[in-house]
K.L.:
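Please read through the structure below; I'll follow up with questions.
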Amino acid sequence: LEFNDDGHYIYSDGTDLHIKTTTTASQDIALTSTGKLVVDAGDDINLDAHSSVFNFKRQGSEMFRLTCGASSPIAFQPKQDAYDIAFNQYDGTEVMRITDNARVGIGTAAPSQTLDVRGTTYFSGSTDAVPFEVFASGAVTAALHVTSGSDVGIGTATPLGKLHINAGAYQQVFQRG
């Protein structure tokens, strides 16, 4: 079976059904005898949905969808309970996971907190005034403050030395000597 209309081909190779725009092997859409849709574009693959929703299914069940709108962000939405989102390197090594219970793990596939980072971590601030602060849950002021000069304040946002601990009545400042 073959249909040719000015460089557009629909044909069967005896096993699979193919749709091509050229005779080169680098651009091919095939519906295989096992029911798989194979797209070999040789370049980018462009999807266009007028409803702004792209549904991805597996064996008839919706697994996830991508949604977007003119003034809204692109949203990735898993559609099944207990499905996490994993980000893998090309070799398959997992580097980050977002769980179905709203936890983010970097360097771990099983985050135990809202944000769970394993491995060497680098933090950098954007201003000299407040490069890095850590707040206790519900606190208005920072429990830990690191300045752009690498001075550390515990219980104070204005450390007077390399390490400044302010515990109310007890206060200690450590200087580099």
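Heavy-atom basis, side chains included; hydrogens, waters and symmetry copies ignored. On a predicted model such as this, the values are computed, not experimentally measured, just so you know. Starting from 1, each residue takes its place in the sequence as its number.
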K.L.:
I'd like to check V152 versus P159 (side-chain heavy atoms, cut-off strictly below 4.5 Å). Are they in contact?
P.N.:
no
K.L.:
Using the test side chain to side chain contact (heavy atoms under 4.5 Å, CB included), find all partners of F87 that sit at least two apart in sequence or belong to another chain.
P.N.:
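Result, side chain to side chain contact (heavy atoms under 4.5 Å, CB included) vs F87: I85, V95, M96, I98.
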K.L.:
Strictly by salt bridge (Lys or Arg N to Asp or Glu O under 4.0 Å), give each pair with a member in residues 136-153 just once, sequence neighbours left out.
P.N.:
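Non-adjacent pairs meeting salt bridge (Lys or Arg N to Asp or Glu O under 4.0 Å): D151-K162.
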K.L.:
Would a distance-only check, ignoring hydrogens and angles, find a side-chain to backbone donor-acceptor pair under 3.5 Å from D84 to D100?
P.N.:
yes
K.L.:
Could I get the full list of side chain to side chain donor-acceptor pair (under 3.5 Å) partners for T93, not counting sequence neighbours?
P.N.:
D91
K.L.:
Could I get the full list of side chain to side chain donor-acceptor pair (under 3.5 Å) partners for R103, not counting sequence neighbours?
P.N.:
none
K.L.:
With a 4.5 Å cut-off on side-chain heavy atoms, are T99 and V104 touching?
P.N.:
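Of all side-chain heavy-atom pairs linking T99 with V104, none is under 4.5 Å.
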K.L.:
Could you give all pairs that pass the salt bridge (Lys or Arg N to Asp or Glu O under 4.0 Å) test and reach residues 136-145, with sequence neighbours left out?
P.N.:
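Applying salt bridge (Lys or Arg N to Asp or Glu O under 4.0 Å) to every pair that reaches into residues 136-145, excluding sequence neighbours, yields nothing.
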K.L.:
In Å and rounded to the nearest 0.5 Å, what is the OG1 to NE2 distance from T158 to H145?
P.N.:
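Nearest 0.5 Å value for the OG1-NE2 distance: 8.0 Å.
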K.L.:
Quick test of your reading: applying salt bridge (Lys or Arg N to Asp or Glu O under 4.0 Å), list the pairs with at least one residue in residues 105-120, sequence neighbours left out, ordered by first then second residue.
P.N.:
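Qualifying pairs, neighbours excluded: D116-R118.
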